[in-house]
Protein chains: 2
Amino acid sequence: MAEAISNLSRKEQVIRKAAELFKEKGYSAASMRDLAQKLGIEAASLYSHIKSKEEILRTLCFDMATDFRASLSSVEKQNVSAREKLRLGIIGHVQVMARDLTASAVFMNEHRHLSQPYLRDFLLLRINYINRFKTIIEEGISSGDFRKDIDTKLAVMTLFSSLNWMPAWFSPDSTIEPEKLGQQLADMLINGLKQNV
Amino acid sequence: MAEAISNLSRKEQVIRKAAELFKEKGYSAASMRDLAQKLGIEAASLYSHIKSKEEILRTLCFDMATDFRASLSSVEKQNVSAREKLRLGIIGHVQVMARDLTASAVFMNEHRHLSQPYLRDFLLLRINYINRFKTIIEEGISSGDFRKDIDTKLAVMTLFSSLNWMPAWFSPDSTIEPEKLGQQLADMLINGLKQNV
DNA sequence: TTCTTCCACTAACAGTTGTTAGTTTTGCTT
DNA sequence: AAGCAAAACTAACAACTGTTAGTGGAAGAA
């Protein structure tokens, strides 16, 4: 029953290495023998730490989802304008991503390999998250923060596309801090939405 | 030698079905037996039409690349402002995508499964395409079309992220025409870049 | 020492992978 | 009717897939 304490460290090593591998080769193309080799052990030994290959994917995807949702929740609580909420939401999203770019890449690109019912659950979480951003944009349109002639669906999809491809090109050794990057991204996107007074 | 004429039709059927399958399940998770089943034939029969699984992927990726480059080239030739060039470039890109959303999705998500040296070639084409957009943006900054304080790398990456995720959420039975969509997307992105006079 | 927990091992499984060789069917053209 | 090419078939290959069963060593606690 010490599993919850001491096993975690080794189990986490396995999961982190798996994240790297899944990001690199994709979930399907990454074999358990590849993963084992990266850790210097035999494939069968992995099963002392994890229940299945998919369990790793599940952990990676749902843990990231939890972080994203927590970040957005704290933004929603604040009593600020829609424009500021959107800005903070974007910065928060970028910060969560930057905290683990590898897991973020997996979260984004490999979640479709989840089996049911996990895939369904994941997609529900995801659409909920997106809709909450959409609500912020709609708020901003009502309040006059944003232009009235924008297609909110297109806007929110553009927003997410921009955010989600970050792990693909943002290098962790980059000099720019995540907050600054989020700032810039928000600036670029929001000024595209802003009313031309 | 009739291969070039009559074989094409069946070979193209195979490639199109493969594109659907690759988009759906991902290249690695899609087996040749899956593909054969979709076509109502045996897996081995596929090899009357194609040389290998990867040949299909190569065809899909490089054919799309050719189309994208052709579209951009025709835009570059025009003697218009940088802002207009960017607008036309975006519309062109969206139109090429819309012409084959399935192949576009494969182009975007599965190209990494190309083996060398094809992968290298593909990435070179891709970076060249991106750099040509970047040049347009830099032109626009010099000419005063765009704000001077934007990070061009971030801008171009945001642009591509937005463009590239389109096949994931744009449904072909949507009422909106590709040109209109490209128009809107360009509007949203460009007004984010536009100088606030 | 003995017990327990962690972590690795070997051996093996049943199923799937892309692909080949060789053969037969199909349908058009002469 | 004969011939030809396209396109399908069956059978099989070697390699690889995720995973299980059972075992053993190492390290710390009793």
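These figures come from a predicted structure and were not determined experimentally. Just so we're on the same page: letters track the sequence lines, and every chain starts at 1. Any value given below was found using the heavy atoms of this structure, including those in side chains, with hydrogens, waters and symmetry copies removed.
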TODO: Would you confirm whether the ring centroid of B/Y118 sits within less than 6.0 angstrom of the ring centroid of B/H113?
DONE: no
Atom pair distance, as rounded to whole Å: [atom1] in [X] and [atom2] in [N]:
X: A/H49; N: C/dC9; atom1: NE2; atom2: C1'; value: 12 Å
X: B/K11; N: D/dA6; atom1: NZ; atom2: C1'; value: 14 Å
X: A/E42; N: D/dG22; atom1: CD; atom2: C1'; value: 16 Å
X: A/K53; N: D/dC16; atom1: NZ; atom2: P; value: 15 Å
X: B/I41; N: C/dT24; atom1: CD1; atom2: P; value: 20 Å
X: B/I56; N: C/dG18; atom1: CD1; atom2: P; value: 10 Å
X: A/E54; N: D/dT17; atom1: CD; atom2: C1'; value: 15 Å
X: B/L46; N: C/dT17; atom1: CG; atom2: P; value: 13 Å

Rounded distance (nearest 0.5 Å) linking atom [atom1] of [X] with atom [atom2] of [Y]:
X: B/F68; Y: B/T66; atom1: CZ; atom2: OG1; value: 10.5 Å
X: B/T59; Y: B/E12; atom1: OG1; atom2: CD; value: 10.0 Å
X: A/S162; Y: B/L189; atom1: OG; atom2: CG; value: 7.0 Å
X: A/L159; Y: A/L154; atom1: CG; atom2: CG; value: 11.0 Å

TODO: Give me the residues of residues 29-37 of chain B where at least one heavy atom lies under 4.0 Å from an atom of DNA chain D, by number, or none.
DONE: B/R33
Task: Results of ring-ring contact (aromatic ring centres under 6.0 Å, His included) for B/F122 - residues two or more places apart only - done: B/F62, B/F107, B/H111
What's the closest nucleotide to the [X] side chain, out of [options]?
X: B/Y47; options: C/dT19, C/dT10, D/dT19; result: C/dT19
X: A/R10; options: D/dT19, C/dC7, D/dC9; result: C/dC7
X: A/S45; options: C/dT19, C/dA8, D/dT20; result: C/dA8

Open item on the list: Does a side-chain N or O of B/S48 approach OP1 or OP2 of D/dA8 to a distance below 4.0 Å, or not?
Closed with: no
- [ ] Please name the pair of heavy atoms, one in B/E110 and one in B/L57, separated by the smallest distance, quoted to 0.1 Å.
- [x] O-CD2, 3.7 Å
